[in-house]
Amino acid sequence: WGSLGHETVAYVASNFVSPDTTWFFQTILHNQTDSYLAGVATWADSFRYTAAGRFSAPFHFIDAEDDPPTSCGVKYSRDCPVEGCIVGAILNYTTQLLDPDLDAVNRNMAAKFVIHFIGDIHQPLHDENLDRGGNSIPVTFDNVQTNLHHVWDSNMPEKLVGGYSLPDAEKWATALTAAIKTGVYKTDADSWLEGVYLRDPVSTSIKWAEEANQFVCQTVLPEGKDAIVGKELGGAYYEAAVPVIELQVARAGYRLAHWLDLIAAGGK
Ligand code: DCM
Ligand code: DCM
Ligand code: DCM
Ligand code: ZN
Ligand code: ZN
């Protein structure tokens with residue numbers, strides 16, 4: 001996701017975490033405001049472009065070597081290479097946060113990574129190998145030339161919300177939070193936490209990746225790559241994608257809240 005998606009996921013999570021969790025992560029992140037999660041949600045995207053952070057670039061995705069739209073699916077053994085992937089990164093940085101001996105600097109970094117990667121794993125194209133997660137599929141969106149990955153990360157969320165500022169994210173998060181508490185997601189939200197086990201971050205997050213990857217076959221490339229190369233996606237394609245984007249951002253925020261609650265409780 002772009003900044004809007006990540007900051008919205010973070011605000012949704014802040015709306016659901018327990019008071020103990022709020023205090024726990026406000027301390028780690030040295031930020032006592034309501035934006036303590038949203039304020040660091042895009043840090044990992046800046047860090048990966050620095051020399052010190054280059055190692056973390058592969059941690060933002062898992063390149064599922066499936067065959068959309070015919071066959072979708074993610075396999076940790078097949079799709080997570082030695083240099084790492086988003087599932088391995090969620091395992092690593094969650095494990096670090098559970099280590100009572102971890103120093104404050106690495107604890108701060110681990111928290112920022114977990115907040116970001118639980119967002120990215122819910123973006124369908126972050127769980128897909130084809131054309132580098134759609135980065136090499138040229139398209140236009142509202143007459144601007146871009147690529148399919150960027151359309152899902154940024155163009156479609158920003159068209160839906162009407163901007164990408166921090167207040168835009170907070171406003172979108174307020175709407176998604178209401179949908180989870182009392183609206184369209186109310187009956188399903190409990191099921192979003194099925195299969196979530198702090199003692200097994202790999203099985204937990206591969207399930208999230210698998211679920212998002214199914215949308216690559218259903219919604220991202222339903223008629224295959226050739227049907228959208230060079231096409232304008234701001235019309236019917238956008239309308240079909242919006243419900244998936246809203247659902248995935250809502251799920252990511254709700255699951256991030258639960259994951260942070262489990263971490264703050266120390267696995268107890
Ligand atoms: N981005 C950045 N610096 C750059 C290029 C892009 O911060 N030099 C940001 C823009 C998007 C985000 O990265 O918000 C997309 O990251 P990803 O595709 O890993 O989700
Ligand atoms: N950004 C975004 N959507 C845009 C333009 C920018 O999400 N339409 C993000 C990318 C960078 C940040 O905002 O992370 C700052 O972008 P810029 O340096 O282009 O102002
Ligand atoms: N990306 C991805 N899968 C890949 C390569 C990149 O999901 N195989 C994501 C990471 C960034 C965006 O695409 O969010 C752009 O990546 P880059 O800046 O590395 O081109
Ligand atoms: Zn992306
Ligand atoms: Zn990212």
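Being a predicted model, the structure only gives us computed values, none of them experimental. All ligand and atom numbering here is 1-based and tracks the order in the structure.
At a 4.0 Å heavy-atom cut-off, ligand 3 touches R132 through backbone and side chain alike. Contacts of N135 with ligand 3, taken as heavy-atom pairs under 4.0 Å, involve the side chain alone. Only the side chain of D153 comes within contact range of ligand 3, with a heavy atom under 4.0 Å; no backbone atom does. When non-hydrogen atoms are compared, ligand 3 lies under 4.0 Å from neither the backbone nor the side chain of H150.
A donor-acceptor distance shorter than 3.5 angstrom exists from the side chain of K207 to the backbone of E194, with no hydrogens or angles considered.
Looking at heavy atoms from C-beta onward, D127 lies out of side-chain contact with F215 at the 4.5 angstrom threshold.
Using bins of under 30°, 30° to 60° and over 60° for the plane-to-plane angle, the ring pair F61/H126 lands in the perpendicular bin. A perpendicular orientation is assigned to the rings of F55 and F59, their planes being inclined by more than 60° (bins at 30° and 60°). Between H60 and H116, the two ring planes are perpendicular [angle over 60°; tilted spans 30° to 60°].
Residue contacts to the Zn ion (ligand 4): H149 brings an N, O or S atom closer than 2.8 Å.
Nearest N/O/S atom of D153 relative to the Zn ion (ligand 4): this is OD2. D120 has its closest N, O or S atom to the Zn ion (ligand 5) at the position named OD2. H116 has its closest N, O or S atom to the Zn ion (ligand 5) at the position named NE2.
Near L125, meaning under 4.0 Å from one of its heavy atoms, ligand 3 places the atoms 7 (O).
Note: angle at the Zn ion (ligand 5), from OD1 of D45 to ND1 of H60, is 90° (rounded to 10 degrees).
Considering backbone and side-chain atoms together, E128 places no N or O closer than 3.5 Å to any N or O of ligand 3. Taking distance alone, with nitrogen or oxygen atoms compared against 3.5 Å, D63 approaches ligand 3 more closely than that limit.
Y49 counts as a contact of ligand 3, since one of its heavy atoms falls under 4.0 Å from the ligand. Note on ligand 3: Q123 sits outside its first shell, no heavy atom being nearer than 4.0 Å. Residue H149 places a heavy atom under 4.0 Å from ligand 3.
Donor-acceptor pairing under 3.5 Å is recorded for the side chains of E232 and T140. At a cut-off of 3.5 Å, with distance as the only test, no side-chain donor of T177 or Y254 sits close to an acceptor on the other residue. When only modelled atom types and interatomic distance are considered, T33 and N31 share a side-chain donor-acceptor pair under 3.5 Å.
Under a cutoff of 6.0 Å and an axis angle of 45°, K181 and F16 form a cation-pi pair.
With values rounded to the nearest 0.5 angstrom, L198 atom CG is found 5.0 Å from L98 atom CG.
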